[in-house]
Amino acid sequence: MERSTARKGIFYGWFVLAAGFFALFMATGARNGFGVFIIPLTDEFGWSRGSLSLAIAIGWGMNGLSQPFVGRLFDRFGGRAVISTSLIILGISTILLNRTNNLWFLIVVYGLIMSTASSGASLVTVHALLSKWFYRRRGLAISISTAGGSAGSMILAPFTTYMILWAGWRIS
């Protein structure tokens with residue numbers, strides 16, 4: 001008599017994949033949607049696009065520099081703790097951006113805090129987490145989670161533009 005290795009119920013890894021998709025959707029969408037704020041910020045504060053681009057460049061630089069440190073935290077504390085904490089910090093820093101009144105505040109909140117937090121909710125951490133859950137369908141799982149980041153940029157940037165037109169940039 002043969003033993004059946006079939007599982008009953010839904011594989012929990014699919015729920016982890018859905019959470020990873022959502023994390024990348026929100027984190028990538030929030031970071032990549034910043035470009036729609038350039039015109040409202042230049043109009044309100046009179047900042048040049050170059051100075052706003054400096055804040056964005058510092059943010060991308062911090063994101064790249066913080067990846068190895070976040071990876072070490074991932075190895076030490078696990079994906080759930082790192083990704084959850086990063087999403088909470090990302091949410092708080094997104095809310096803090098509505099208090100922007102000078103360029104240094106924008107550089108600190110967006111360029112340092114938000115960009116470092118987005119390293120924790122990035123493709124690197126989500127893919128590392130998914131690779132622990134999926135063996136046979138790892139490529140499919142990683143592809144679906146990557147699509148979450150792209151979908152976030154595709155949906156949240158136009159939605160943010162609509163929100164800016166409807167309620168202003170501070171509320172958006």
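Values below: every heavy atom of this structure, side chains too, minus hydrogens, waters and symmetry copies. Keep in mind that this is a model prediction, so the values were computed, not measured.
Residues in residues 151-167 take part in no salt bridge (Lys or Arg N to Asp or Glu O under 4.0 Å) pair, two or more places apart or across chains. Under the ring-ring contact (aromatic ring centres under 6.0 Å, His included) criterion, the residue pairs touching residues 104-124 are Phe34-Tyr110, with sequence neighbours excluded. Listed by first and then second residue, the ring-ring contact (aromatic ring centres under 6.0 Å, His included) pairs involving residues 46-103 are Phe45-Trp47 (not counting sequence neighbours). Among pairs with a residue in residues 66-76, none fulfils salt bridge (Lys or Arg N to Asp or Glu O under 4.0 Å), at least two apart in sequence or across chains. Among pairs with a residue in residues 131-157, those fulfilling ring-ring contact (aromatic ring centres under 6.0 Å, His included) read Phe11-Phe134, Tyr12-Trp133, Trp14-Phe134, at least two apart in sequence or across chains. Sorted by first then second residue, the salt bridge (Lys or Arg N to Asp or Glu O under 4.0 Å) pairs that include residues 162-172, not counting sequence neighbours, are Glu44-Arg170.
Atom OG1 of Thr85 sits about 9.5 Å away from atom CG of Leu73, to the nearest 0.5 Å. Taking OG1 from Thr28 and CG from Leu123, the interatomic distance works out to 6.0 Å, rounded to the nearest 0.5 Å.
Phe21 and Leu140 fall within a single hydrophobic cluster, where Ile, Leu, Val, Met, Phe, Trp and Tyr side chains are chained together by heavy-atom contacts under 4.5 Å. Residue Val82 is not grouped with residue Ile113 when hydrophobic side chains (ILVMFWY) are merged at heavy-atom distances under 4.5 angstrom, including chains of intermediate members. No chain of hydrophobic side-chain contacts below 4.5 Å, direct or via other Ile, Leu, Val, Met, Phe, Trp or Tyr residues, connects Val70 to Ile88. Linking Ile, Leu, Val, Met, Phe, Trp and Tyr whenever their side-chain heavy atoms come within less than 4.5 Å leaves Met114 and Leu87 in two separate clusters. A single hydrophobic cluster is not seen to contain both Met163 and Val36; linkage of ILVMFWY side chains at heavy-atom distances under 4.5 Å, directly or through other members, places them apart.
Ile155 meets the side chain to side chain contact (heavy atoms under 4.5 Å, CB included) test with Phe25; sequence neighbours excluded. Ile171 meets the side chain to side chain contact (heavy atoms under 4.5 Å, CB included) test with Ala167; sequence neighbours excluded. Scanning for side chain to side chain contact (heavy atoms under 4.5 Å, CB included) contacts around Met154 gives an empty result, with sequence neighbours left out. Taking the side chain to side chain contact (heavy atoms under 4.5 Å, CB included) definition, one finds that Ser145 meets it with Leu17, Leu24, Val126, His127, Leu130, sequence neighbours left out.
Shortest non-hydrogen contact noted between Ala157 and Gly33 is CB-CA, 4.3 Å. Looking at every heavy atom in both residues, Ala117 comes nearest to Ser86 through O-CB, 3.1 Å. Taking every heavy atom of both residues into account, Ala30 and Leu156 meet most closely at N-CD1, 4.1 Å. Ile83 and Ala23 get closest at one heavy-atom pair: CG2-CB, 4.1 Å.
Of the possible polar contacts, none joining the Ser153 side chain to the Asn32 backbone as a donor-acceptor pair under 3.5 Å is found. Formation of a donor-acceptor pair under 3.5 Å by the Ser84 side chain with backbone atoms of Ala81 is not found in this model.
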Taking distance alone, no hydrogens or angles, what donor-acceptor pairs closer than 3.5 Å link side-chain atoms of residues 51-59 to residues at least two apart or in another chain?
unit_1: Ser51; atom_1: OG; unit_2: Ser48; atom_2: N; d: 3.3
unit_1: Ser51; atom_1: OG; unit_2: Ser48; atom_2: O; d: 2.8
unit_1: Ser51; atom_1: OG; unit_2: Ser48; atom_2: OG; d: 3.3
unit_1: Ser53; atom_1: OG; unit_2: Arg49; atom_2: O; d: 2.8

Identify each donor-acceptor pair in which a side-chain atom of residues 89-98 lies under 3.5 Å from a protein atom, sequence neighbours left out, and give them as a table.
unit_1: Ser93; atom_1: OG; unit_2: Ile89; atom_2: O; d: 3.0
unit_1: Ser93; atom_1: OG; unit_2: Leu90; atom_2: O; d: 3.0
unit_1: Thr94; atom_1: OG1; unit_2: Leu90; atom_2: O; d: 2.7

**Request:** Begin with the C-alpha distance, continue with both residues' side-chain angles, and end with the deciding distance and a verdict on side-chain contact (heavy atoms from CB on, under 4.5 Å) for Asn63 and Thr116.
**Result:** CA-CA 5 Å; Asn63 185 271; Thr116 303; over 6 Å; no

**Item:** Worked verdict on Trp169 versus Asp43 for side-chain contact (heavy atoms from CB on, under 4.5 Å)
**Value:** CA-CA 11 Å; Trp169 73 268; Asp43 289 347; over 6 Å; no

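Neither side chain, Arg138 nor Ser131, offers a donor N or O lying under 3.5 Å from an acceptor on the other.
Here the options are Ser119, Ser115, Ser122, the test is side-chain hydrogen bond (donor to acceptor under 3.5 Å, both in side chains), and the partner is Ser66; only Ser119 passes.
Other residues, nucleotides and ligands contribute at most 12 non-hydrogen atoms within 6.0 Å of the CD1 atom of Ile39. For Arg137, the CZ atom is loosely surrounded, since the number of other residues' heavy atoms within 6.0 Å does not exceed 12.
The aromatic rings of Tyr162 and Trp166 lie parallel to each other, with less than 30° between the two planes, well short of the 60° mark.
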